[in-house]
Amino acid sequence: MTHWGPELRDGADTRFRLWAPDRDAVTLEIDGAPSVPMTRDDEGWFTAEAAAGPGSRYRFRLDADLAVPDPASRLQSGGVHGWSVVVDPSFAWSATEWRGRPWEETVLVEVHAGTLGGFAGIREQLSAIAASGITAIEVMPINAFGGTRNWGYDGVLPYAVAEPYGSPAELKTLVDTAHGLGLSVFLDVVYNHFGPDGNYLNAYAGAFFHPEIDTPWGGAVAVDADPVHRFFVDNALMWLRDYRIDGLRFDAVHAIANDGFLDRMASEIRAALPERHVHLVLENEKNDAERLGPGRYDAQWNDDFHNVLHVLLTGETSAYYGDFAERPAERLARCLKDGFIYQGEGSPNHDGAPRGKPSGHLPSTAFVAFLQNHDQVGNRAMGERLIHLTDRDRLRAATALLLLGPQIPLLFMGEDEGSESPFLFFTDFHDELADAVREGRRREFAKFDAFADEEARKNIPDPNAAATFEASIPKPGPAAGEWRALYRELLSLRRTHIVPRLKGAVGLSAEVQGDAGVKARWRMADGATLTIAIDLGDAPTLPEGEEGNPIYREGDRFAAWIET
């Protein structure tokens, strides 16, 4: 089995590898040293050994006009078109006893490294995050991408830490510091496509893709080919082993369209790290309940939870919110009891095609719930947060539902400080690519009522403008103190009343009350019953005189109690 990437050997020697089945010859170039011809085997793997210690810059020469970086480079010098760098994987870890936290204890906050000042900037915020009651940070993709600013989903070198964020050692310091504070670290990884700037794979490994299978980004990634499968599994294991990341969130796996690959990857990861709490989470538009469970994936991001609550909170029904516009309270009830709302029904947003599979048998912890995340804020044309789209009382009630409900909660950076800063879509492309991204972004919003007019779409911020990135740096809102206090109180209540009872919790019932109210019940691990009532309507009413121990009440809009 051949693995990707450079292997630092005894002394200053390094073994280099490249899968280039479309090439008959490849030369290893080391900055400041003679070039080294590489040896090809029958499967198209090229190998060479050279005196190149940590810090050495290298690349692969394909012909007189083209030299490319290592697709499994751990670090780049000069961006994704520049030299790859040999990295020493060793590190003096301090939190040596850390083995992770059980999944049921997880409360995530999603962060973007660039807007927070890189790895060092995130590290400065860890103490405050831990003190708030949050137990894990989830970092948006940090793989190398074209330019100096990007969400990370346009990455082209999945193994390389993006230069603008810091070095591999700085990332390890961030993880080590988090562990010392009791915080888990999750990382978002993208295995469904490569970005448009700096992907050279087609120049030497066309078999990395299936050109006959169309995706929004071109030919599908050929994960059924063993070298390609190895590329991504090795990448996942690198983050988990070398950097001691505690969990991975796999972006848009529906675009991979290969369940066998997903199952095999989960199996290999589980087998490789049996002694640690390693958590694997999917983003999967298909609502595929079969991918969730023991030995597979811990959970899936539950877009249904967000979407139906967004309709109830804001009244918006354009585009994909149209799938949740009819009977939203009934749909919320199903979400709270069963997890997914769409469990095989036809989706208007998918031209009536069925979406999802039955999920009521799964524990509530198989779903990651959220009111906001990078997609749901940043994929709005103007990047508005919920605090601009609904009123204070409804938002407080929805926050209580998120944090006291039995699904695993995820927050978006700044949310717990009442941030009013937008989070916009930003890139750093140039020339024709910049024009294509800008105009493509504006065309996407033509299906939204507010941007049906072409003139209105011209007001959408240019993704490539530096000001778009700068506006996305989160700042505490004017009522930050109030929101911090609310989140701390709710997370303390979750830690006391919910988490100890959470493993294996399942929905018992959920009933609609009025136009926008739901009362839901769950059987908890200790046999207790958790009941939550929420009403997001114009004239809210909550049930009175319920038996059990009250946990929290938010006026006439939310109440939670436990019956033992």
Side-chain angles (χ1 to χ4, degrees), residues 101-111 128-138 183-184 186 299 301-302 304-306 308-310 312-313 332 335-336 339 363-373 376 385-387 390 392-419 477 479-503 505 507 518-522 524 528 530-536 542 549-555 557-562:
R101 299 183 68 147
W103 176 240
E104 293 76 23
E105 297 179 2
T106 303
V107 176
L108 294 151
V109 60
E110 186 185 25
V111 300
I129 290 172
S132 74
I134 293 167
T135 66
I137 62 169
E138 179 173 324
L183 290 169
S184 301
F186 287 64
W301 270 28
N302 195 358
D304 285 0
F305 179 95
H306 166 273
V308 71
L309 277 166
H310 190 90
L312 285 164
L313 288 167
L332 176 60
C335 179
L336 296 181
S364 297
T365 53
F367 308 93
V368 175
F370 44 86
L371 297 175
Q372 303 180 87
N373 63 30
Q376 303 298 351
R385 294 172 180 260
L386 267 178
I387 203 165
T390 191
R392 169 187 174 277
D393 291 346
R394 284 184 173 88
L395 185 53
R396 284 178 63 98
T399 300
L401 175 64
L402 174 69
L403 297 183
L404 295 181
Q407 298 188 22
I408 299 297
L410 172 118
L411 312 176
F412 186 56
M413 59 179 185
E415 187 175 351
D416 58 333
E417 295 186 313
S419 178
E482 173 195 340
W483 289 103
R484 288 191 193 105
L486 175 67
Y487 277 83
R488 285 198 179 209
E489 180 181 7
L490 292 172
L491 289 173
S492 177
L493 292 171
R494 181 181 185 85
R495 185 168 58 251
T496 300
H497 297 286
I498 309 300
V499 170
R501 301 180 164 105
L502 195 50
K503 188 172 184 178
V518 174
K519 177 182 174 183
R521 300 166 65 247
W522 295 267
M524 308 302 281
L530 169 66
T531 303
I532 286 178
I534 185 169
D535 193 329
L536 298 173
L542 291 179
N549 300 315
I551 298 175
Y552 182 79
R553 189 176 184 99
E554 184 66 38
R557 292 203 176 275
F558 179 91
W561 57 93
I562 287 277

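Numbers here simply count residues along the sequence, with the first being 1. Bear in mind the structure is a predicted one, so any value in this text is a computation, not a measurement.
Residue Trp103 comes nearest to Ala299 through the heavy atom pair CZ2-CB, 3.5 Å, listed as atom of the first residue, atom of the second, then distance. Between His306 and Leu371, the closest heavy-atom pair is CD2-O, 3.0 Å. Residues Glu105 and Arg101 share a closest heavy-atom pair of OE1-NE, 2.8 Å. Summarising the geometry of Val111 relative to Met413, their closest heavy-atom pair is CA-SD, 3.9 Å, with the distance given to 0.1 Å. Of all the heavy atoms in Ile534 and Ala397, the pair that sits closest is CD1-O, 3.7 Å. Summarising the geometry of Ile408 relative to Thr365, their closest heavy-atom pair is CG1-O, 3.8 Å, with the distance given to 0.1 Å.
A distance of 5.5 Å separates OH of Tyr487 from CG of Leu411, quoted to the nearest 0.5 Å. Separating the CG atom in Asp304 from the CG atom in Leu332 is a distance of 11.0 Å, to the nearest 0.5 Å. The distance from atom CG of Leu386 to atom CD of Glu415, rounded to the nearest 0.5 Å, is 7.5 Å.
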>> Leu530 vs Ile551, test: side-chain contact (heavy atoms from CB on, under 4.5 Å). Steps then yes/no.
In response: CA-CA 10 Å; Leu530 169 66; Ile551 298 175; 4.0 Å; yes

>> Determine whether Leu395 and Trp483 satisfy the following criterion, side-chain contact (heavy atoms from CB on, under 4.5 Å), listing intermediate values before the conclusion.
In response: CA-CA 10 Å; Leu395 185 53; Trp483 289 103; 3.7 Å; yes

>> Working note: Trp301 + Phe370, criterion side-chain contact (heavy atoms from CB on, under 4.5 Å); need CA distance, chi angles, decisive distance, verdict.
In response: CA-CA 8 Å; Trp301 270 28; Phe370 44 86; 3.9 Å; yes

> Can you list the steps and then say if Leu309 with Leu536 is a side-chain contact (heavy atoms from CB on, under 4.5 Å)?
Replying inline: CA-CA 9 Å; Leu309 277 166; Leu536 298 173; 3.8 Å; yes

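Without hydrogens or angle criteria, Ser132 side chain to Ile129 main chain gives a donor-acceptor distance under 3.5 Å. No donor-acceptor distance shorter than 3.5 angstrom exists from the side chain of Ser364 to the backbone of Gln407, with no hydrogens or angles considered. With Gln372 contributing its side chain and Arg385 its backbone, the two residues share no donor-acceptor pair below 3.5 Å. In this structure a side-chain-to-backbone donor-acceptor pair under 3.5 Å is missing from Trp522 to Pro406. Side chain of Arg484 to main chain of Gly418: no donor-acceptor pair is present (N/O by atom type, distance under 3.5 Å, no hydrogens or angles). Between the Ser492 side chain and the Arg488 main chain, no donor and acceptor come within less than 3.5 Å of each other. Side-chain N or O atoms of Asn302 include one that pairs as donor or acceptor with a backbone N or O of Gly339 at under 3.5 Å.
Checked options Leu108, Leu402, Val109; the residue passing with Leu410 is Leu108 (criterion: side chain to side chain contact (heavy atoms under 4.5 Å, CB included)). Residue Leu336 is tested with Ile532, Leu401, Val308 for a side chain to side chain contact (heavy atoms under 4.5 Å, CB included); the sole match is Leu401.
Contact check for Arg494 versus Val107: side-chain heavy atoms found under the 4.5 Å cut-off. Residues Arg501 and Ile562 are in side-chain contact: their nearest non-hydrogen atoms beyond the backbone lie under 4.5 Å apart. Contact of the Tyr552 side chain with the His497 side chain is not registered, since no non-hydrogen atoms from C-beta on lie closer than 4.5 Å. Proximity of Leu403 to Ile498: side-chain heavy atoms (C-beta onward) are nowhere separated by under 4.5 Å. Glu554 is not listed as a side-chain neighbour of Thr399, based on a closest heavy-atom distance of 4.5 Å or more.
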